[in-house]
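Being a predicted model, the structure only gives us computed values, none of them experimental.
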Amino acid sequence: MRADTACRAESATLLIVGLGLIGGSLAAGLRQRGFRGRMIACDPDAREIRRGIDMGLIDDGGTDLAALAPAADTIVLAVPVLAIPGVLGELRALNPELKGQTVTDVGSTKAIVRDAARRLFGRVPKTLVLGHPIAGSEKSGVAAADPDLYAGHNVILTPEADTDAGALARVRALWQSCGANVLEMDVERHDAVLAQTSHLPHLLAFSLVDTLARQDARLDIFRYAAGGFRDFTRIAGSDPVMWRDIFTANRDAVLASLDDFEAGLSRLRAAVETGDGDAMLAAFGRASHARHYFESLLNKTSYQTEYAMQPHSQVTYRVRPGGGARGRVRVPGDKSISHRSIMLGALADGVTTVTGFLEGEDSLATLQAFREMGVAIEGPHQGRVVIHGVGLHGLKAPSGPIYVGNSGTAMRLFAGLLAGQSFSSELAGDASLTKRPMNRVAEPLRAMGAVIDTAEDGRPPLKIHGGQALTGLYYDMPVASAQVKSCLLLAGLYAEGETWVREPAPTRDHTERMLGGFGYPVERDGDTCRLTGGKRLTAGPIDVPADISSAAFFMVAAAITPGSDLTLEHVGINPTRTGIINILKLMGANLELVDEREVGGEPVADIRVRHAPLKAVDIPVEQVPLAIDEFPALFIAAANAAGTTRLRDAAELRVKESDRLAAMADGLATLGVAHTLLDDGIDIVGNGDGSAASYGGGRIDSLGDHRIAMAFAVAALRASDDIVIDNCANVATSFPDFIELARRIGMGLDAEGGHVR
């Protein structure tokens, strides 16, 4: 049932008490969207009632509540918040239990209304649903009524535990029928949030304008004020009486917010007074990125650096069959190295300049996390970031949970880094990350002396208790994992004595290399690396090479497409990451490394790939950990190779952003690729005939896994029909320019929905 239909069916007579801007706009919105019940209003100003009738907003009304209320089944209290208790008192006298009536309000502070209801009725009546539309205007009166005032805006309801479900549904439908987004939260949370985001800004705007208006030079001040002054002080033109009432009603929460603001202002004043540029930059950087986050929420786009607690908008890829893979491109910077450059740069003494930084959501979330912990960071701007390090012990407690988006790398590395801090912290991520296991880092960290709480089955969020004395340990990893190794090495920086980590198979060694680049000695003895805690990191420049995991998709694109000739520039070829290259060469790919060199301790090269017939292989077990993130792309290569490609000992793929073995198997089945799925691997029967399509098309759910989405986009190069891929928004987490580069090399990729690039 549509919201407006539900509203018409259940609200035979709607009474709006207070026919000003808020009440009048509600009436206008309902009328415009087809409300067919009887709509009446009560207002102390008879002229407003007459105007509302003349405008066609209401059917009737008057100034006497007692004469109007008994006929209404739904009543909306759209009066100033301090007037609501009085109106509730009148309603109680008419209907002591509000029997047969649903009552709601629009007050911008809820505790005073709830407490008044408890005093008057003995409890909050079950059919009283407290609410607050987050919308308004500097104009007032019914003449300013706007039928679209609530469209796309939030309305917050604060129901009690025993609120009548039918009454709650009616109020929800009422606002939804005006186009509003209806949310719920408890009363105290509502009042605290609104004090911070609405009430405090209004208080500051009133204060600033009042301060300047009382100065002798006020005419010149206002005459020459720039647009920023106008924008900031616009809300000071709001109704003074209304805001007096709001500040009175929500006094405690407003004062608490004002205390926080004054403390922050004092810190900023001290920074200006002493010329502390890093402190100013840190504050301005946090503010700038928080403002971008706010703007993204208003625009309903996916913001890349802050707490994206709402789900991403849906993005769907439609990829046409055929196309080419030719040219020269540079894919984004390596995500693993981007994460580590921010982390170690923040912990170093001095200023670290990073170039080639990946401006994807996961890396930016890491960057923002360090801003929240007091690190001054400039950028990113075209891949350049400048980090003003605070030293190993210079981080400050964040004001809330550290949000790492979709990045398991960030969460696991942060766990080690934060385990050694003097303050407590919490690590949170998006819905996908919340399903991933974290005991593999929590348990060895606890063995070092860390105190870490996890959710059920060792899943996020992670609550890390600060102030613990860590001691080094010897840890023999049961499963090869660069993330676990890096986590323990970062914890080892803060531990007493030596930390040893042995890996059963080689994994990427970016952390060890970068620690050495920052002057922190890490020793390697065969399959074991170790460091001693308590030393220092020294800042230095970092040039992030292009990410081989991102390059992998285009490497496969060129390898499977007849007529291709594609060069990928400045790609990191760290020997612990080259499984994709080794496996493709085993399959017969025409792949060569050009201009091999070393940049900042990391080997890089240009990779040229031209089409050649591929043959199936049994993937060597020793190559599995070296290509663990690239297997979705390699599965597409296997589907285009002659024979059956076999993968074993890859159970790690089950616990990535999705169960990648199952997700890829499901997608291959949709395309018609024969395969056999195993617990720890898969057999894929490929087509080695380059003159014909290798499989069909179809619709595939990527399960929000960026690598699944990109793999099947590449698959379309050899498909016979369109491949449509759902839930692709998370591609921005690791490869924000994927669509642009895919089109540049010749792929027929279109994206629809959400915020696409």
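When Val544, Ile342, Leu358, Val354 are each tested for a side-chain contact (heavy atoms from CB on, under 4.5 Å) with Ile337, only one passes: Val544. Considering Leu255, Leu194, Leu258, Val254 as possible partners of Leu200, the one that fulfils the side-chain contact (heavy atoms from CB on, under 4.5 Å) test is Leu258.
Residues Leu26 and Val106 have side chains not in contact (no heavy-atom distance under 4.5 Å, counting atoms from C-beta outward). At least one side-chain heavy atom of Val404 sits less than 4.5 Å from a side-chain heavy atom of Leu433.
Summarising the local packing, CZ of Arg118 is surrounded by more than 12 heavy atoms from other residues, nucleotides or ligands at distances under 6.0 Å.
Taking all atoms of both residues into account, the shortest heavy-atom contact from Ser341 to Ile542 is CB-CD1, 3.7 Å.
Ion pairing between Asp105 and Lys110 holds under the 4.0 Å rule for side-chain N and carboxylate O. Look at Glu184 and Arg172 and you find a salt bridge, because one of the NZ, NE, NH1 or NH2 atoms lies within 4.0 Å of a carboxylate O, short of that distance.
Every salt bridge (charged side-chain N to carboxylate O under 4.0 Å, His left out) that Glu273 has, sequence neighbours left out, goes to Arg269.
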(request) Start with the C-alpha gap between Asp146 and Ser25, add the side-chain angles, then the distance that decides, and say whether side chain to side chain donor-acceptor pair (under 3.5 Å) holds. (result) CA-CA 5 Å; Asp146 178 1; Ser25 295; over 6 Å; no
(request) Kindly determine whether Leu157 and Thr163 satisfy side chain to side chain contact (heavy atoms under 4.5 Å, CB included), including the steps that lead there. (result) CA-CA 11 Å; Leu157 304 182; Thr163 295; over 6 Å; no
Hey, can you pull the donor-acceptor pairs under 3.5 Å for the side chains in residues 375-386, sequence neighbours left out?
from	atom 1	to	atom 2	distance (Å)
Glu378	OE2	His388	NE2	2.7

